[in-house]
Amino acid sequence: MTETSGKTAIPERPRSPRRRGPFARLSLWTRQVVAELRKVVYPTRKQLLTYTAVVLVFVAIMITVVSLLDLGLGWAMFEIFG
């Protein structure tokens, strides 16, 4: 990269030597998706149940916090504005 008048040049996007057709691009995309899915490590049943329980407990806590804030602020508004 060269500097011209204090600004850094933006590198150009590399161009492919030839443009692929829509079916070739779809085929490439499909192969890449399959390759990525082979890398996935799925949780065991015990891990899945643990993660689900953690999420449900967290959601319950957040519902409680938001509900208490709503009730408290609503009460405060009625006290202030009648």
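As a basis for the values below, the full set of heavy atoms in this structure was taken, side chains included, without hydrogen atoms, waters or symmetry mates.
- With sequence neighbours excluded, the residues that form a side-chain contact (heavy atoms from CB on, under 4.5 Å) with Arg38 are Val34.
- In this view, Lys39 and Glu36 satisfy the salt bridge (Lys or Arg N to Asp or Glu O under 4.0 Å) rule, not counting sequence neighbours.
- Between the side chain of Ser27 and the backbone N or O of Phe23 there is no donor-acceptor pair closer than 3.5 Å.
- The side-chain contact (heavy atoms from CB on, under 4.5 Å) search around Val33 returns Trp29, Leu37, not counting sequence neighbours.
- In plain terms, the two heavy atoms of Arg20 and Arg25 that are nearest each other are O-NE, 3.5 Å.
- Other residues sharing a hydrophobic cluster with Phe81 under the 4.5 Å side-chain heavy-atom criterion for ILVMFWY residues are Met77, Ile80.
- Among Val55, Leu56, Leu49, the one residue that satisfies the side chain to side chain contact (heavy atoms under 4.5 Å, CB included) test with Thr52 is Leu56.
- Among residue pairs with one or both ends in residues 48-74, none qualify as salt bridge (charged side-chain N to carboxylate O under 4.0 Å, His left out); sequence neighbours excluded.
- For Ser67, the side-chain contact (heavy atoms from CB on, under 4.5 Å) partners two or more places apart in sequence, or in a different chain, are Ile63.
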